[in-house]
Enquirer: 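Shown below is the structure under consideration.
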Number of protein chains: 2
Amino acid sequence: MAQAGTVDRILDTAEVLFAQKGFAETSLRAITSKAGVNLAAVNYHFGSKESLIQAVFERFLKPFCAHLDNMMSELEAHPAEISLERLLATLSKSALAVQRGEPQRVAIFFRLSGLAYSQAQGHLRRFFREHYGDVFRRFLRLLAVAVPDVPPMEVFWRVHFALGATIFTLSGMDPLRAICRSDFGVEVSPQQVDERLLAFVAGGIRATVSAS
Amino acid sequence: MAQAGTVDRILDTAEVLFAQKGFAETSLRAITSKAGVNLAAVNYHFGSKESLIQAVFERFLKPFCAHLDNMMSELEAHPAEISLERLLATLSKSALAVQRGEPQRVAIFFRLSGLAYSQAQGHLRRFFREHYGDVFRRFLRLLAVAVPDVPPMEVFWRVHFALGATIFTLSGMDPLRAICRSDFGVEVSPQQVDERLLAFVAGGIRATVSAS
DNA sequence: AGCCTCCCGAAACAAACGTTTGAAACGTAT
DNA sequence: ATACGTTTCAAACGTTTGTTTCGGGAGGCT
């Protein structure tokens with residue numbers, strides 16, 4: 001990354017600053033000065049700040065969805081191997097596809113996802129639904145196969161519950177670990193948090209369906 | 001609310017606009033003009049925009065915590081009645097204490113909580129921990145009694161997972177219901193979402209603890 | 001050479017922001 | 001009626017924002 005091109009230097013810096021302070025709170029000047037590029041470079045290469053934000057997400061989501069698509073194709077070819085644990089592990093593995101060398105990029109990815117969700121009424125929700133709605137629905141169909149006892153619509157809602165728990169947790173991973181350390185005097189690694197989260201999510205998705 | 005005082009008109013308008021567009025994206029001019037008060041009124045009555053944001057949260061959190069505190073005291077007086085379902089219902093009831101007539105205020109409350117969490121590194125996290133950390137820890141202790149099979153630290157993490165699922169879901173309630181309607185052709189009420197969420201959360205908290 | 005396209009750089013732009021000011025209007029008690 | 005503390009108002013302040021402009025340089029092509 002030492003002497004990457006201007007576009008990549010902007011993206012590298014923007015994703016870090018966005019994750020640290022939010023989109024509106026991060027000015028183009030903060031990005032360009034830290035990236036060592038001219039202020040006008042953002043509008044020249046990306047057109048606008050909005051497009052820069054979308055470009056940051058695209059750089060994360062493209063490898064993520066590509067990896068996820070591949071693994072889902074494999075699973076669909078061998079339907080007997082489809083299970084909840086297997087599907088959740090697939091998500092977990094696909095998330096690792098975004099790190100490109102630096103493991104911290106996974107945390108940045110989830111921080112940004114959390115930010116994007118809260119800013120939901122803006123341009124980002126449209127962007128997500130347009131570009132990645134198909135991948136999501138495909139995953140939903142596989143999941144319905146994995147937990148046949150849970151009706152498809154119930155699966156839909158529980159996936160969103162699980163998504164909330166995941167984004168919320170991984171996006172605030174470091175502060176949560178700090179609280180855990182100060183309240184319990186125990187140091188837990190991000191991997192241990194992942195394990196706990198997976199157990200929680202699996203338990204929630206498999207919960208007995210209430211009669212309504 | 002027709003002719004309330006300036007302070008309340010500002011708070012009423014601010015909480016709606018903040019929930020719709022976010023804190024940084026909502027200008028004081030937008031608030032004051034919609035509220036029908038002078039621009040300077042915010043700085044006169046609250047001191048700054050940051051203080052206004054905290055005042056908005058305080059108006060939600062004070063009745064919420066008061067109600068929660070009362071119900072926790074009752075439960076502590078009759079420890080035999082402590083159960084996970086009972087505790088979750090306590091939270092649910094306390095959330096209703098913030099609506100002050102208009103039911104939509106509950107949704108606003110959770111939207112704001114979601115926003116606050118994503119903007120976590122700012123002044124809000126300090127504000128929350130200082131003012132409401134005790135109530136949270138008290139609830140955590142009760143919960144550890146309700147699920148004795150789950151170690152306290154595991155409970156801590158699972159509460160945060162559940163918090164994420166809840167805030168994420170309730171903060172995006174309307175868009176999620178719209179997706180559900182278009183994808184499944186079924187209209188679900190917010191109450192039905194609450195029921196599903198409670199089942200998910202209970203299942204997650206009670207999940208078997210993995211050996212690590 | 002000339003020309004063209006792409007990229008960078010410093011400067012400037014208008015707009016919007018949170019905040020401050022000082023005077024006018026208000027209600028109330030003396 | 002006068003004086004006083006409180007609240008409201010229009011206007012302006014200085015900064016910061018995203019975006020645009022325009023000159024110039026590097027490299028490829030005819």
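Bear in mind that the values here come from a model prediction, so they are computed numbers and not experimental data. To find a chain, count down the sequence lines: A is the first, B the second, and so on, and within it residues start at 1.
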Enquirer: Which pairs count as salt bridge (Lys or Arg N to Asp or Glu O under 4.0 Å) when at least one residue sits in residues 39-68 of chain A, sequence neighbours excluded?
Expert: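 For residues 39-68 of chain A: A:D8-A:R59, A:D12-A:R59, A:E15-A:R59.
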Enquirer: If only side-chain N and O atoms of A:N43 are considered, is one of them under 4.0 Å from the OP1 or OP2 phosphate oxygen of D:dG18?
Expert: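 No, no such contact exists.
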Enquirer: Measure all distances between protein nitrogen or oxygen atoms and nitrogen or oxygen atoms of nucleotides 10-14 of chain D, and list the pairs falling under 3.5 Å.
Expert:
unit_1: D:dA10; atom_1: N7; unit_2: B:N38; atom_2: ND2; d: 3.4

Enquirer: Using a 4.0 Å heavy-atom cut-off across all strands, classify B:T32 as base, sugar-phosphate, or nothing.
Expert: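 Counting heavy atoms under 4.0 Å across all strands, no contact is made by B:T32.
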Enquirer: Counting only pairs under 3.5 Å, give me each side-chain donor-acceptor contact of residues 152-162 of chain A, with atom names and distances, residues two or more places apart or in other chains.
Expert:
unit_1: A:E154; atom_1: OE1; unit_2: B:R196; atom_2: NH1; d: 2.5
unit_1: A:R158; atom_1: NH1; unit_2: A:I205; atom_2: O; d: 2.8
unit_1: A:R158; atom_1: NH1; unit_2: A:A207; atom_2: O; d: 2.7
unit_1: A:R158; atom_1: NH2; unit_2: A:A207; atom_2: O; d: 3.3

Enquirer: Does anything in residues 24-41 of chain A pair up under side chain to side chain donor-acceptor pair (under 3.5 Å), and if so which pairs, sequence neighbours excluded?
Expert: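 Residue pairs passing side chain to side chain donor-acceptor pair (under 3.5 Å), neighbours aside: A:E25-B:Q119.
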Enquirer: Among D:dT8, C:dT19, D:dT19, find the nucleotide with the atom closest to the side chain of B:L28.
Expert: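 Nearest nucleotide to the side chain: C:dT19.
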Enquirer: D:dT17, OP1 or OP2 - any side-chain N/O from A:S27 closer than 4.0 Å?
Expert: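 Answer yes for this pair, as a side-chain N or O of A:S27 is under 4.0 Å from OP1 or OP2.
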Enquirer: With the threshold set at under 4.0 Å for non-hydrogen atoms, list the residues of residues 44-58 of chain A touching DNA chain C in residue-number order.
Expert: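 Listed by number, they are A:Y44, A:H45.
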Enquirer: Are the aromatic ring centres of B:F127 and B:H123 under 6.0 angstrom apart?
Expert: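 Ring centroids of B:F127 and B:H123 are no less than 6.0 Å from each other.
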Enquirer: Taking only residues two or more places apart in sequence, or in another chain, which ones meet B:F64 in a ring pair (Phe, Tyr, Trp, His ring centres under 6.0 Å)?
Expert: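 By the ring pair (Phe, Tyr, Trp, His ring centres under 6.0 Å) rule, B:F64 matches B:F109.
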Enquirer: Testing the 3.5 Å rule here: is there a donor-acceptor pair between the side chains of A:S182 and A:R177?
Expert: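 Absent: no donor and acceptor within the cut-off.
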Enquirer: Any side-chain N or O of B:T6 less than 4.0 Å from the OP1 or OP2 oxygen of D:dT7?
Expert: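 So the side chain of B:T6 is outside the cut-off, no N or O lying under 4.0 Å from OP1 or OP2 of D:dT7.
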Enquirer: Nearest 0.5 Å, please: how far is OG in B:S113 from CZ in B:F57?
Expert: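 OG of B:S113 is found 5.5 Å from CZ of B:F57.
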Enquirer: With distance as the sole test, does A:R105 use its side chain to make a donor-acceptor pair with the main-chain N or O of A:V98 at under 3.5 Å?
Expert: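 Answer holds: yes.
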